[in-house]
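Below is one structure, written out as structure tokens; the observations come after it.
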Amino acid sequence: MGGFAITIAIGTVLLLLPVASEDGTSAGFVTALFTATSAVCITGLIVVDTGAYWSTFGEIVILGLIQIGGLGIMTAASILVLLVSRRFGLRMQLSAQRETKSLQLGEVRNVAAGIIKASLLIETVVATVFAGRLLVAYDYAAGEAVYFGVFHGISAFNNAGFSLYSDSISRFVADPWISFAVIIAVILGGLGFPVIFEVLRRLRHRREHRWSIHTKITLLTSGVLLAAGFAFITTAEWNNENTMAPLGVGGKLLAGLFAATMPRSAGFNSVETGDMTGPSLLVTDVLMFIGGGSASTAAGIKVTTFALLAFVILAEIRGEPTVHVMGRRLAAAVQRQALTIALLSVGLVMITTITMLTASRFPLDDVLFEAVSAVGTVGLSTGITAELPPGIHVMMSVLMFIGRLGPITLATALALRDRPRKYELPEERPIVG
């Protein structure tokens, strides 16, 4: 966390330089701090128009912060996962070998190198598709197309949500090439490298490799949330004149898929978020709060946390003494960790929402959406970010930092912390419900 704080401080100083702004004047401290934090924490919330306000130097600084933040978070999270895995004793390692081998318990250098290579490869492919489409269909000059392609390719894979266009990706709402390039990049970035590496290994050695429970939960839950979000948002916005109604059937389906994918933590939008219906905003709140996969560029409480809590509830409804997940018994410590992360995140969102309601004049729908987006480091906005008071901008910077790194460090600390009791107190059961 100290390393990310230092990176944010360096980014803030660079963005304060007059050369970083388009008009050659120094940006305000709050603007520079907010933008640097949003970039390093790969959030995407902005208080000024990225393409219009910042110069090419400023945009490159932002892009560098996104890349450092994305690679740093994925590498740090993966290494912490290894640290937790190695915390088990020999007997536990032997019994759980099938589950942990997907995380490649090797040297940190190999993990970092694999993450960097995979990231650069995916970003290059997305940037190439994006730039090629701009060249062929939109008559961009070659240099400009490459620049826009690289910027949006890196921003998409890292789930950052920063765009050089003032309307995000709205001008390409019905363009399948650009929309699908961004969607695929966001999904891959939001799965997490333990899952990506395991899928690749599975494709190479189909008979020798069995799926780990982490990969099963991540893929299944991500797929269910994506399908449910797509069906609900598309239905709710189908006849909304301000969002999808003017589009054809294909355009509506594409816009619905895009809108259901971005709450993983991406922050791009192809229709105006502020014009969406109340039900769509609420469903998007839920998807943003859940986020994406562990050790990924996505934030939120993570799909594994959400799925494990669902299994706990199911076991309690059935009256089962233990929780079973896909042929494995879930440890009580993991259940407590998932519950702790989820409830602390709920409390953080509630405190943020109340504070923002008190300090601003905006309605609850917009404020709640903004609070969840900041805590979940998503970057989607109903358009009120720039109009919030400077004090709220500072608070949101802190929230983005906590929301991005807090769950990772908290989960690791809970997993590594072990305080055995020397005695147990008499049992008593209070009335519940």
Side-chain angles (χ1 to χ4, degrees), residues 43-46 152 155-156 159-163 165-187 190 221-292 298 300 303 306 349 353 362-387:
T43 303
L45 287 173
I46 56 174
H152 290 89
S155 182
N159 281 212
F162 278 88
S163 176
Y165 300 108
S166 58
D167 59 354
S168 189
I169 308 295
S170 296
R171 64 188 64 193
F172 306 116
V173 60
D175 189 322
W177 286 92
I178 289 181
S179 292
F180 274 117
V182 174
I183 288 172
I184 293 172
V186 168
I187 291 176
T221 309
S222 297
V224 170
L225 291 175
L226 179 61
F230 165 69
F232 188 92
I233 294 176
T234 303
T235 302
E237 300 297 321
W238 190 270
N239 295 317
N240 186 346
E241 293 293 336
N242 297 319
T243 55
M244 297 184 187
L247 303 173
V249 173
K252 291 178 179 179
L253 295 175
L254 183 59
L257 180 62
F258 196 94
T261 305
M262 295 308 113
R264 296 180 64 87
S265 192
F268 292 106
N269 62 277
S270 62
V271 295
E272 191 61 43
T273 305
D275 292 332
M276 294 173 70
T277 62
S280 295
L281 290 178
L282 185 57
V283 168
T284 305
D285 287 337
V286 174
L287 294 176
M288 291 192 298
F289 183 78
I290 296 172
V303 293
F306 174 75
V349 169
T353 303
F362 297 104
L364 176 60
D365 282 354
D366 293 348
V367 170
L368 177 61
F369 192 94
E370 210 77 9
V372 177
S373 183
V375 173
T377 66
V378 179
L380 289 173
S381 174
T382 55
I384 68 172
T385 307
E387 301 179 44

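Side-chain contact check for Asp285 versus Leu282: some heavy-atom pair is nearer than 4.5 Å. Side-chain contact between Val173 and Ser179 is absent, with no heavy atoms from C-beta onward closer than 4.5 Å. The shortest side-chain heavy-atom distance between Ile169 and Ile178 falls under the 4.5 Å cut-off.
The distance from atom CE of Met262 to atom CG of Asn159, rounded to the nearest 0.5 Å, is 8.0 Å. We find the CG-OG distance between Asp275 and Ser280 to be 11.5 Å, quoted to the nearest 0.5 Å. Rounding to the nearest 0.5 Å places OG1 of Thr43 at 7.5 Å from CZ of Phe162. The CZ atom of Arg171 sits 7.5 Å away from atom OG of Ser163, with the distance rounded to the nearest 0.5 Å. Between Leu287 atom CG and Ile233 atom CD1 the span is 6.0 Å, to the nearest 0.5 Å.
Between His152 and Phe268, the two ring planes are tilted [angle within 30° to 60°].
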Scan the side chains in residues 247-261 for donor-acceptor partners under 3.5 Å anywhere in the protein, sequence neighbours excluded, and list what turns up.
{"residue": "Lys252", "atom": "NZ", "partner": "Trp238", "partner atom": "O", "Å": "3.3"}
{"residue": "Thr261", "atom": "OG1", "partner": "Leu257", "partner atom": "O", "Å": "2.8"}

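Judged by distance alone, the side chain of Thr353 and the main-chain N or O of Leu368 form no donor-acceptor pair under 3.5 Å. Under a 3.5 Å cut-off, the side chain of Thr234 and the backbone N or O of Phe230 do form a donor-acceptor pair. Asn242 places no side-chain N or O within donor-acceptor distance of the main-chain N or O of Glu272, the cut-off being under 3.5 Å. With Glu237 contributing its side chain and Thr277 its backbone, the two residues share a donor-acceptor pair below 3.5 Å. A donor-acceptor contact shorter than 3.5 Å is absent between the side chain of Thr243 and the backbone of Val271. A side-chain donor-acceptor contact under 3.5 Å links Ser265 to the backbone of Thr377. In this structure, Ser270 contributes its side chain and Ser170 its backbone to no donor-acceptor pair below 3.5 Å.
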Please assess Phe306 against Leu225 for the test side-chain contact (heavy atoms from CB on, under 4.5 Å), listing each intermediate value before the final yes or no. CA-CA 11 Å; Phe306 174 75; Leu225 291 175; 4.2 Å; yes

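The minimum heavy-atom distance between Ile384 and Asp366, with the atom names listed, is CD1-O, 3.8 Å.
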